[in-house]
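Sequence lines set the chain letters: A, B, ... in the order given, protein chains first and strands last, and positions in each chain run from 1. Below, each value reflects all heavy atoms present in this structure, side chains not excepted, and no hydrogens, waters or symmetry copies. Values in this document were obtained by computation on a predicted structure and should not be read as measured data.
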There are 2 protein chains.
Amino acid sequence: MSTASATAAPRAGRPREFNLDAALDRAIVLFSERGYHAASISDLTEAMGVAAGSLYKAFKDKKAIFLASFDRYKQVRMELLEAEIAQGRTGRDKLHRTVAFYAQAAQGEMGRRGCLVIGTASELAINDPDAAERVCRSHARSEARLVELLREGQADGSIRTHIEPLVTAKTLLCLMHGMRVMGKTGLDPGQADKMVGAAMKLLD
Amino acid sequence: MSTASATAAPRAGRPREFNLDAALDRAIVLFSERGYHAASISDLTEAMGVAAGSLYKAFKDKKAIFLASFDRYKQVRMELLEAEIAQGRTGRDKLHRTVAFYAQAAQGEMGRRGCLVIGTASELAINDPDAAERVCRSHARSEARLVELLREGQADGSIRTHIEPLVTAKTLLCLMHGMRVMGKTGLDPGQADKMVGAAMKLLD
DNA sequence: CCTATTCGGAAATGGTCGTTCCCAAATAGG
DNA sequence: CCTATTTGGGAACGACCATTTCCGAATAGG
């Protein structure tokens, strides 16, 4: 139903020979590593394994490819995070897993590749309303989830009630985004794990 | 002595009619708002008030303009931050001022403009060694300053001795960079100030 | 004052960009 | 089986990019 889910059967015509989501996954890597402007259509056709003509039949223009990549990136990462959160017992545990999830992503190859949300915020937010809106919605959802987990922790007794969920959620979100920024130039895995522990002080 | 300090008197020839630092200040705004690739030479000549030919007499190429802008940005911001830190009494106070300095920068017009270091990390770090090195050095210096202030606080009794300066410094730096990321899409001033308070929990 | 040197600025250049066009190939419906 | 429709893919397109060139103007040294 969304941009890249189960392909609604076409009424007629030659069927598409490439998988849209698989192609977008490769576009995500390219856009994450180089940013929007430095990733040319040539680069995209090569990385996605799709000729320019075919690309423009699947997407209106380059920006549409980017926005579809962004949406898929968000969807995939969100599902992974929620699977991780689901394994947590208490609100505090779930928050710990959330921070650790970002710390993990900030390391190694994925860390150097960078977060597409942050890249979009940096490169496009100020000039492109469509990109800005998606970044805002991403931030809002992340913040809302953190607030929810904080309240859950306060309800189950794993987090004291005197902390302010909204401010703490915003602070945690900043910390997690900052880890992704640092990951672009390499983050020491050992230190990253310790930072997760330090971050949990915000819940005291 | 550096890229854009006191202009060493030229031996002969027509003197430069524009001020290098003032022109770089305008380039900084452009690069911060649009990023490296989206800021064209046309944009730069217009913003800097210098024709293309003259620009290429002052700088080897576009990347040199960018790196000079980056260096000046770092210098200016660093001086402002150190002036702010100098007003602090204790180590804890100085750290509070440091976090507040970033929180302030993340708000309003400057927040939407973004941090050139973070923009460079996002857009160029993975593909351009020169840019990556500067980002790394910037992070290292920021971290070193935080470690220094933490140790100062531990020495003057404003910060307890059981915290680990290195991990705490890294965590604070992530938090401050995260605030700048959030500032690209707008950060509520009231909440930003509260986040500074929340961040200080990392020192307990 | 004359010459070497540098700057200012507009025009020119080659390359690459995003996008479109075109035609052969592949499907669905009648 | 024929037609309408869609895709694949390469060639073609105009626009804009970073950079260079060129020439008049402005300075310093001799």
Side-chain angles (χ1 to χ4, degrees), chain A residues 3-4 6-24 26-27 30-31 33-70 120 123-124 127-128 130-131, chain B residues 3-4 6-24 26-27 30-31 33-70 120 123-124 127-128 130-131:
Chain A
T3 311
T7 42
R11 288 296 170 201
R14 180 173 173 173
R16 179 170 291 138
E17 291 182 5
F18 64 96
N19 180 275
L20 248 182
D21 285 345
L24 283 179
R26 303 206 197 98
L30 199 68
F31 281 131
E33 287 179 348
R34 307 197 192 176
Y36 176 75
H37 289 103
S40 71
I41 297 290
S42 286
D43 296 331
L44 285 166
T45 56
E46 187 182 350
M48 298 169 84
V50 180
S54 304
L55 251 190
Y56 276 85
K57 271 152 194 160
F59 301 98
K60 177 177 163 285
D61 53 21
K62 185 185 174 186
K63 204 177 103 174
I65 306 174
F66 180 80
L67 293 179
S69 300
F70 184 102
T120 305
E123 197 182 357
L124 301 175
N127 294 305
D128 187 312
D130 297 317
Chain B
T3 309
T7 43
R11 289 296 171 201
R14 180 173 173 172
R16 179 170 291 139
E17 291 182 5
F18 64 95
N19 181 275
L20 248 182
D21 286 345
L24 284 179
R26 303 207 196 96
L30 199 68
F31 281 131
E33 287 178 348
R34 307 198 191 176
Y36 176 75
H37 290 103
S40 70
I41 297 290
S42 287
D43 296 332
L44 286 165
T45 57
E46 186 182 351
M48 298 170 84
V50 180
S54 304
L55 251 191
Y56 277 86
K57 270 152 193 159
F59 301 98
K60 177 178 163 285
D61 52 21
K62 184 185 174 185
K63 202 177 103 175
I65 306 173
F66 180 80
L67 294 178
S69 300
F70 183 101
T120 305
E123 195 182 358
L124 300 175
N127 294 304
D128 187 313
D130 297 316

Is there a donor and acceptor pair, one atom on the side chain of A:Lys63 and one on the base of C:dG18, closer than 3.5 Å? no
Nearest to the side chain of B:Pro15, heavy atoms from C-beta on, is which of C:dC7, D:dT19, D:dA26? D:dA26
C:dA25 OP1/OP2 closer than 4.0 Å to side-chain N/O of A:Arg14: no
Of A:Asp43 and B:Ala58, the one whose closest DNA chain C nucleotide lies more 5': B:Ala58
Verify the contact: side-chain N or O of A:Lys62 to OP1 or OP2 of C:dG18, cut-off strictly under 4.0 Å; return yes or no. yes
Given atom CZ of A:Arg16 and atom C1' of D:dT5, what is their separation to the nearest angstrom? 14 Å
Assign each of B:Gly53 and A:Ala51 to its nearest nucleotide of DNA chain D by heavy atoms, then name whichever residue's nucleotide is nearer the 5' end. A:Ala51
Search all heavy atoms of B:Ala27 against all heavy atoms of B:Leu44 and return the closest pair with its distance. CB-CD2, 4.0 Å
Short side-chain N/O contact to D:dT7 OP1/OP2 from A:Ser54, under 4.0 Å: no
Once you round it to whole Å, what is the distance between P of C:dT6 and CZ of B:Phe59? 17 Å
When you check the phosphate oxygens OP1 and OP2 of D:dT20, does a side-chain N or O of B:Tyr56 lie under 4.0 Å from one of them? no
Please indicate whether A:Lys60 has more than 12 foreign heavy atoms, meaning atoms of other residues, nucleotides or ligands, lying under 6.0 Å from its NZ. no
What is the distance from CD of A:Glu17 to P of D:dT7, rounded to the nearest Å? 11 Å
Just checking A:Ala38: base, sugar-phosphate only, or nothing, at a heavy-atom cut-off of under 4.0 Å? nothing
A:Leu55 has an atom CG; how far is it from atom C1' of D:dG10, in whole Å? 14 Å
Nearest-Å distance, CZ (A:Phe18) to C1' (C:dA26)? 15 Å
Please pick, from D:dT19, D:dG9, C:dG8, the nucleotide with the shortest atom-to-atom distance to any side-chain atom of B:Lys57. C:dG8
What are the two closest heavy atoms between B:Glu123 and A:Glu123, and how far apart are they? OE2-OE2, 4.0 Å
Side chain of B:Ser40 only, please: which of D:dA28, D:dG9, D:dA18 is the nearest? D:dA18
B:Leu44 CG to C:dG8 C1': how many Å, rounded? 17 Å
Quick check on DNA chain C: between A:Ser42 and A:Lys60, whose nearest nucleotide comes earlier from the 5' end? A:Ser42
Which heavy atom of A:Lys62 sits nearest to which heavy atom of A:Tyr36, and what is that distance? NZ-O, 2.9 Å
Can you name the nearest heavy-atom pair linking B:Ser69 to B:Leu24, along with the distance? OG-CD2, 3.6 Å
When rounded to whole Å, the CD1 to C1' distance for the pair B:Ile41 and C:dG8 reads 16 Å
Specify the separation, in whole Å, of atom CE of B:Met48 and atom C1' of C:dG8. 15 Å
